[in-house]
Amino acid sequence: MGDDDEHNSSSTDEGRKEMDIYPLSCYYFGSKEAIVFKDETVSDRITRMKSNYAAYGLRTSVEAVLLVELFKHPHLLLLQLNNSIFKLPGGRLRPGETDIDGLRRKLSNKLSASRDGNETEWEVGECLGMWWRHDFETLLCPYLPPTVKKPKECTKLFLVRLPESRKFIVPENLKLLAVPLSQVHENHKTYGTVISGVPQLLSKYSINIIDI
């Protein structure tokens, strides 16, 4: 299918960017010690958000869009908690931390054997979209009304390109699943508004499946 570097940097005649994805069979999956989640209930989460907002202001989270191929179809990598909650890999930034450094740290924490963020380990690309929480109780929304002067949270989605091969080492209390984009698309009930909107954000890309 041609040189990988050409695929990663070129655009089609229609102006769509090209992206290479590799078969799921190219990747190794293992487990490591479970991680502790700070929030057990929605009420706990709201309480912690209010406390953090009072101390640091706007909460910024970064999440990764990672794609692989299975059955000749693009699949999105999602973390599953308690067999019912689906999340994109990522998390909250530390005060003063940049988006890219924070996402690399979170990816290493959730998906690598080492918890140290290695700058050469994750190829973080462009920001695909931003979602806003207007107040502590509301859901994330893909726009910020001019009447909202002090939003409580901003979540940014970044495209992260995977290499031909990688080891994913996941905390034992999480599952890393490959879910078809067709299954995720507009499936708000199962995956929530952010994840179910990812296929639309990827519509500007021409996805090349690389046979290994």
Side-chain angles (χ1 to χ4, degrees), residues 8-9 17 19-22 27 29-30 32 35-39 45 48-49 52-53 56-68 74-81 85-133 140-142 144 151-171 173-179 181 184 191-202 204-205 207:
N8 284 338
S9 60
K17 298 180 180 181
M19 176 174 55
D20 296 340
I21 64 173
Y22 300 93
Y27 302 98
F29 298 86
K32 61 182 178 182
I35 59 176
V36 178
F37 291 95
K38 297 178 181 178
D39 305 318
R45 186 179 189 278
R48 189 163 66 91
M49 284 184 64
N52 287 337
Y53 184 82
Y56 306 111
L58 176 71
R59 169 192 174 111
T60 302
S61 297
V62 287
E63 298 180 348
V65 173
L66 302 156
L67 295 179
V68 297
H75 282 56
L76 180 65
L77 293 183
L78 297 175
L79 290 168
Q80 186 184 33
L81 173 65
I85 301 173
F86 295 92
K87 296 177 176 290
L88 291 168
R92 181 168 64 93
L93 295 181
R94 293 169 175 166
E97 191 173 37
T98 68
D99 295 342
I100 293 177
D101 286 346
L103 185 53
R104 285 171 174 156
R105 175 178 60 82
K106 285 294 184 179
L107 289 175
S108 294
N109 187 33
K110 301 282 178 62
L111 302 179
S112 294
S114 170
R115 300 201 176 200
D116 298 326
N118 186 333
E119 292 189 1
T120 63
E121 190 176 359
W122 300 100
E123 186 183 343
V124 179
E126 70 175 290
C127 180
L128 297 174
M130 299 172 65
W131 292 74
W132 299 88
R133 195 182 304 278
L140 289 166
C141 187
L144 184 63
K152 301 305 183 283
E153 182 176 10
C154 176
T155 296
K156 302 178 183 181
L157 272 58
F158 287 86
L159 181 66
V160 177
R161 298 178 185 271
L162 290 176
E164 180 179 324
S165 180
R166 174 179 292 282
K167 291 182 179 180
F168 291 104
I169 311 298
V170 183
N173 55 337
L174 292 172
K175 295 179 182 177
L176 185 62
L177 305 178
V179 183
L181 284 184
V184 171
Y191 300 103
T193 55
V194 176
I195 293 175
S196 61
V198 167
Q200 243 178 346
L201 296 176
L202 293 172
K204 62 183 176 181
Y205 290 91
I207 298 175

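Note that the numbering runs from 1 along the sequence shown for the chain.
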| said: For Ile195 and Leu76: C-alpha separation, side-chain torsions, deciding distance, then whether side-chain contact (heavy atoms from CB on, under 4.5 Å) applies. | reply: CA-CA 9 Å; Ile195 293 175; Leu76 180 65; 4.1 Å; yes
Interatomic spacing from [atom1] in [X] to [atom2] in [Y] - rounded to 0.5 Å:
X	Y	atom1	atom2	result
Lys110	Leu174	NZ	CG	7.0 Å
Leu181	Ser196	CG	OG	12.0 Å
Glu123	Ile100	CD	CD1	11.0 Å
Lys167	Tyr27	NZ	OH	15.0 Å
Lys175	Leu79	NZ	CG	12.0 Å
Lys17	Ile207	NZ	CD1	13.5 Å

pair [X]-[Y]: side-chain heavy atoms closer than 4.5 Å:
X	Y	result
Val179	Tyr191	yes
Leu162	Leu77	yes
Leu66	Pro89	yes
Leu128	Val198	no
Met49	Arg133	yes

For residues [X] and [Y], report the shortest heavy-atom separation together with the two atoms involved.
X	Y	answer
Ala64	Leu88	O-CD2, 3.6 Å
Ser61	Glu153	OG-OE2, 3.3 Å
Met130	Cys154	CE-SG, 3.5 Å
Leu67	Ile21	CB-CG2, 3.8 Å
Leu58	Pro151	CD1-O, 3.3 Å
Phe158	Gly125	CD2-O, 3.5 Å

| query | Checking side-chain contact (heavy atoms from CB on, under 4.5 Å) against Leu103, which of Leu157, Val160, Thr98, Leu93 comes through? | reply |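 For Leu103, the side-chain contact (heavy atoms from CB on, under 4.5 Å) check succeeds only for Val160.
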| Hey, are Arg166 and Glu121 close enough for a salt bridge, meaning a charged N less than 4.0 Å from a carboxylate O? |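 Salt bridge present between Arg166 and Glu121.
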| N-O pairing of Lys204 and Glu126 below 4.0 Å |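 Salt bridge: yes.
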| field | Flag, side chain of Arg104 to backbone of Trp122, donor-acceptor distance under 3.5 Å | value |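 Side chain of Arg104 to backbone of Trp122: a pair is present.
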| field | Side chain Lys32, main chain Ser112, donor-acceptor under 3.5 Å | value |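 Side chain of Lys32 to backbone of Ser112, a donor-acceptor pair under 3.5 Å: yes, one is there.
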| task | Take Leu159 and Leu201 through the side-chain contact (heavy atoms from CB on, under 4.5 Å) test and state the conclusion after the steps. | result | CA-CA 10 Å; Leu159 181 66; Leu201 296 176; over 6 Å; no
| query | Is the number of heavy atoms from other residues, nucleotides or ligands within 6.0 Å of CZ (Phe29) greater than 12? | reply |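 Correct, the count exceeds 12.
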